[in-house]
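Counting starts at 1 for both ligands and their atoms, following the listed order. The basis for the numbers below is simple: all heavy atoms, side chains too, and nothing from hydrogens, waters or symmetry mates.
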Amino acid sequence: MGKNQSKKTNLLFFNNETTNNDLSIFDRANKKYTILTYGCQMNERDSEIIGGILEGLGYQPSEDITQADLILFNTCSIRDSAERKIYGKIGEIKRLKNNNPDLIIGVAGCMAQKDREKIAKKAPHVDFILGTNNLHKLPELITRAKNSKETLIDIVEERAEIENEIEENRSKLTTQKIKASVNIMYGCNNFCTYCIVPYVRGREKSRPFKQIIEEIEQLGKEGVKEVTLLGQNVNSYGKDLGENIDFADLLAAIDNIPGIERIRYMTSHPRDFSDKLIQVIKNSSKVCEHFHLPIQSGCDKILRDMNRGYTTSQYAILVEKIRQSNPNASITTDIIVGFPGETEEDFEETLNFIKKIKFDQAYTFIYSRRSGTPAANLPNQIPLETKKQRLQQLISVQNEISLELNKNYIGKTVEVLVEGTSKNNPEKLTGRTRTNKIVIFSGDQQLTGQLVMVKIDKAKTWTLEGKILKD
Ligand code: SAH
Ligand code: SF4
Ligand code: F3S
């Protein structure tokens, strides 16, 4: 995006917000910001929104944290390990503040929502704490933080006005993108017993259908090729809108948007994955054949205690239906080991289940006790050593399966959206198949953003390699 366009964003933003915030464009001249993002794609999208708001205020991004005038932590509470890492980093940057008292430090995201007082107490060098439901308050907080010695806290428990959402989602980064994420809903009503998300992200709230379509139409015009629709449980989309629109309808509508070549979504709950949705995906040329369906455990007793709302046999039937309608489908999952009460036999059931289903990939986690969630109070918490052993065992079983399935690609020609040069090998290009497999291959950097055909000649556990076909 050119200079003019970023100016336009400024104007747009200032028209909406300046009235009583005392924001001055001159005040922000040459200021730099760094956002440290932890957690899921929702947080990544929020960081883009925050970046857009900051760039609208005249801040420029800086990868070098020591050069930043504003450092913002966009935090995650999903596991204890994530929180500890973030506290460590917040502590570390205290020295930057000592060197530069004008430095503004903010904490946003799920930890802010959950532990506001604790953060203010543990890290008094933090200037402000901003919740997940009111990102539009950021400019006001920055202004106030300049004149305040105390840590400011601005958090609301539930998302409020739609106007704020429009404003937030309209904020733009200045970088050109091939792939973009679009929020379709916020929050979660599922209350899986291990999970903190419903407490930090509030209740489910769908964005209006028209607003989502308009945003994606705009992205299509700007050259974005792939959109990922974000929600903790996208299958619930529309339930709260009262317009008789569901997630399948939304996908069908997005399928017609010019410029967009691929549609992905994240995350779909196995319980609510309807036959209608399977049909829409089958009939769509743009919705990718990748199904991320977190199973969490392959043991029915544990699934019940997790409050997941499905059994392993219901899950297996769903996978069967998906594979029947989409023979090329890749299926990935999330699994937690060491949920309270998980016996060795229960864990064996999970191993057997993943061998039976044959997931393309599994994201595996050690159960982390989140205080305030029901599972935190269950008896029979599993010792860390046992959890670690189970995780290793699970990973090694899954890795074999991933490799086996990836080998099926050898000799096949696949469509790849070129994302740029590979991080691990700058001589090569990287991209993804529709089934979300990473492919590494030689080619001209100019191909970035284009769909190319690649013949696969090598398979590894996490990646495929191949040669690009010229025509
Ligand atoms: N809404 C998504 C999950 C979002 S959290 C869904 O239900 O599919 C991403 C993953 O983190 C979860 O699927 C789960 O596997 C893991 N997770 C959540 N809470 C956890 C906890 N307390 N300990 C360990 N892993 C957890
Ligand atoms: Fe957490 Fe369950 Fe909601 Fe996913 S569906 S965010 S695991 S409560
Ligand atoms: Fe973490 Fe919050 Fe996402 S807890 S996983 S950043 S919704």
*Asks:* What part of Arg201 sits under 4.0 Å from ligand 3 if we count only heavy atoms: the side chain, the backbone, both or neither?
*Replies:* side chain
*Asks:* In the protein, which heavy atom is nearest to atom 7 (S) of ligand 3, and how far is it?
*Replies:*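 Heavy-atom neighbour on the protein nearest atom 7 (S) of ligand 3: Gln232 NE2, 3.3 Å.
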*Asks:* Need the ligand 2 atom indices (1-based, order shown) with element for anything under 4.0 Å from a heavy-atom of Tyr194.
*Replies:*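 This gives 7 (S) as the contact atoms.
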*Asks:* Backbone, side chain, both or neither: what part of Cys76 comes under 4.0 angstrom of ligand 3, heavy atoms only?
*Replies:*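 The answer is both, backbone and side chain.
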*Asks:* Gln296 heavy atoms, cut-off 4.0 Å: which ligand 1 atoms fall inside?
*Replies:*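 Under 4.0 Å from Gln296, ligand 1 has these atoms: 12 (C), 13 (O), 14 (C), 15 (O).
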*Asks:* Please write down residue, atom name and distance for the protein heavy atom closest to atom 17 (N) of ligand 1.
*Replies:*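 Nearest protein contact, heavy atoms only, for atom 17 (N) of ligand 1 is Arg79 NH1, 3.5 Å.
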*Asks:* Is the distance from atom 3 (Fe) of ligand 3 to the nearest N/O/S atom of Cys40 under 2.8 Å?
*Replies:*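 Checking atom 3 (Fe) of ligand 3 against Cys40, an N, O or S atom does fall under 2.8 Å.
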*Asks:* Salt-bridge test for Asp154 and Lys137: reply yes if a basic N is under 4.0 Å from a carboxylate O, no otherwise.
*Replies:* yes
*Asks:* Is it true that Asp115 and Lys122 make a salt bridge, defined as a side-chain N closer than 4.0 Å to a carboxylate O?
*Replies:*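 Here Asp115 does not pair with Lys122 in a salt bridge, since their nearest N and O are not under 4.0 Å apart.
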*Asks:* Looking at every heavy atom in both Val337 and Arg390, which two are closest together, and how far apart are they?
*Replies:*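 That would be CB-CB, 4.1 Å.
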*Asks:* Is a donor from one side chain sitting under 3.5 angstrom from an acceptor on the other, for Gln232 and Tyr186?
*Replies:*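 The answer is no; no qualifying pair exists.
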*Asks:* Do any heavy atoms of Arg308 fall under 4.0 Å from ligand 2?
*Replies:*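 Right, Arg308 reaches ligand 2.
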*Asks:* Mind checking whether Gln232 contacts ligand 1 via backbone (N, CA, C, O), side chain (CB onward), both or neither, at a 4.0 Å heavy-atom cut-off?
*Replies:*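 Under 4.0 Å from ligand 1, Gln232 contributes backbone and side-chain atoms.
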*Asks:* Considering only heavy atoms of Tyr367, which atoms of ligand 1 have at least one such atom less than 4.0 Å away?
*Replies:* 23 (N), 24 (C)
*Asks:* Applying a heavy-atom cut-off of 4.0 Å, say which part of Met306 lies close to ligand 1: side chain, backbone, both or neither.
*Replies:* neither
*Asks:* Using 0.5 Å steps for rounding, measure from the CZ atom of Arg323 to the OG atom of Ser330.
*Replies:* 9.5 Å
*Asks:* Using a strict 4.0 Å cut-off to heavy atoms of Arg370, name the atoms of ligand 1 that fall inside it.
*Replies:* 22 (N)
*Asks:* Will you find, in the side chains of His290 and Thr332, an N or O donor that is under 3.5 Å from an N or O acceptor?
*Replies:*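 Thr332 and His290 do have a side-chain donor-acceptor pair below 3.5 Å.
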*Asks:* Between Tyr38 and Ser77, is there a donor-acceptor pair closer than 3.5 Å when you use the side chain of the first and the backbone of the second?
*Replies:*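 It does not hold such a pair.
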*Asks:* Nearest 0.5 Å, what's the CD-CG distance between Gln41 and Asp46?
*Replies:*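 Gln41 atom CD to Asp46 atom CG measures 12.0 Å (nearest 0.5 Å).
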*Asks:* Check Asp249 against Ile245 and note the closest heavy-atom contact, atom names and distance.
*Replies:* OD2-CA, 3.5 Å
*Asks:* Closest non-hydrogen protein atom to atom 2 (Fe) of ligand 3, residue and atom name please, with distance?
*Replies:*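 The answer is Cys110 SG, 2.2 Å.
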*Asks:* Decide whether an N or O pair under 3.5 Å exists between Arg308 and ligand 1.
*Replies:*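 So ligand 1 has an N or O lying under 3.5 Å from an N or O of Arg308.
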*Asks:* Is the shortest side-chain N to carboxylate O distance from Lys276 to Asp246 below 4.0 Å?
*Replies:*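 The answer is yes: the pair qualifies as a salt bridge.
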*Asks:* For the CD atom of Gln398 and the CG atom of Leu391, what is their distance to the nearest 0.5 Å?
*Replies:* 12.0 Å
*Asks:* Nearest to atom 6 (C) of ligand 1, what protein heavy atom do you find, and at what distance?
*Replies:* Thr267 CG2, 3.9 Å
*Asks:* Please work out whether any backbone atom (N, CA, C, O) or any side-chain heavy atom from C-beta onward of Ile366 is under 4.0 Å from ligand 1, and answer side chain, backbone, both or neither.
*Replies:*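 The answer is the backbone of Ile366.
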*Asks:* Just let me know how Phe365 lines up against ligand 1, side chain, backbone, both or neither, with a heavy-atom cut-off below 4.0 Å.
*Replies:* side chain
*Asks:* May I ask you to establish whether Lys32 and Tyr59 are in a cation-pi arrangement, using a distance under 6.0 Å from NZ or CZ to the six-membered ring centre and at most 45° from the ring axis?
*Replies:*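 The answer is no; the distance or angle limit is not met.
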*Asks:* Which residue and atom name correspond to the protein heavy atom nearest atom 5 (S) of ligand 1, and how close is it?
*Replies:* Ile78 CD1, 3.6 Å
*Asks:* Keeping the roles fixed (side chain from Thr151, backbone from Phe128), state whether a donor-acceptor pair exists under 3.5 Å.
*Replies:*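 Answer holds: no.
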*Asks:* Which of the numbered atoms in ligand 3 are below 4.0 angstrom from a heavy atom of Asn43?
*Replies:*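 Once the distances to Asn43 are compared, the set is 6 (S).
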*Asks:* Output yes when the distance from some N or O of ligand 1 to some N or O of Asp334 is under 3.5 Å, and no in every other case.
*Replies:* yes
*Asks:* With 2.8 Å as the limit, jot down which protein N, O or S atoms are around atom 3 (Fe) of ligand 2.
*Replies:* Cys188 SG
*Asks:* Against Leu138, only a single residue in Ile50, Ile49, Leu70 fulfils side-chain contact (heavy atoms from CB on, under 4.5 Å); can you say which?
*Replies:* Ile50
*Asks:* Is Ser368 touching ligand 1 with its side chain, its backbone, both, or neither, if touching means heavy atoms under 4.0 Å apart?
*Replies:*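 The answer is both, backbone and side chain.
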*Asks:* Could you pull out the closest heavy-atom pair between Arg116 and Gln113, with the gap in Å?
*Replies:* NH2-O, 2.7 Å
*Asks:* Of the protein's non-hydrogen atoms, which lies at the shortest distance from atom 4 (S) of ligand 3, and what is that distance?
*Replies:* Ser77 N, 3.3 Å
*Asks:* For the residue pair Thr34 and Pro61, establish whether any side-chain heavy-atom pair is separated by less than 4.5 Å.
*Replies:* no
*Asks:* Which residue and non-hydrogen atom of the protein lie closest to atom 20 (C) of ligand 1, and at what distance in Å?
*Replies:*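 Nearest neighbour among protein heavy atoms for atom 20 (C) of ligand 1, to 0.1 Å: Tyr194 CD1, 3.7 Å.
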*Asks:* Distance under 4.0 Å to a non-hydrogen atom of Pro294: what atoms of ligand 1 satisfy this?
*Replies:*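 It comes down to these atoms of ligand 1: 8 (O).
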*Asks:* Are Tyr265 and His292 an aromatic pair by the rule of ring centers under 6.0 Å?
*Replies:* no
*Asks:* Give the minimum heavy-atom separation between Glu204 and Asn189, together with the two atoms involved.
*Replies:*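 Minimum heavy-atom separation between Glu204 and Asn189: N-OD1, 2.8 Å.
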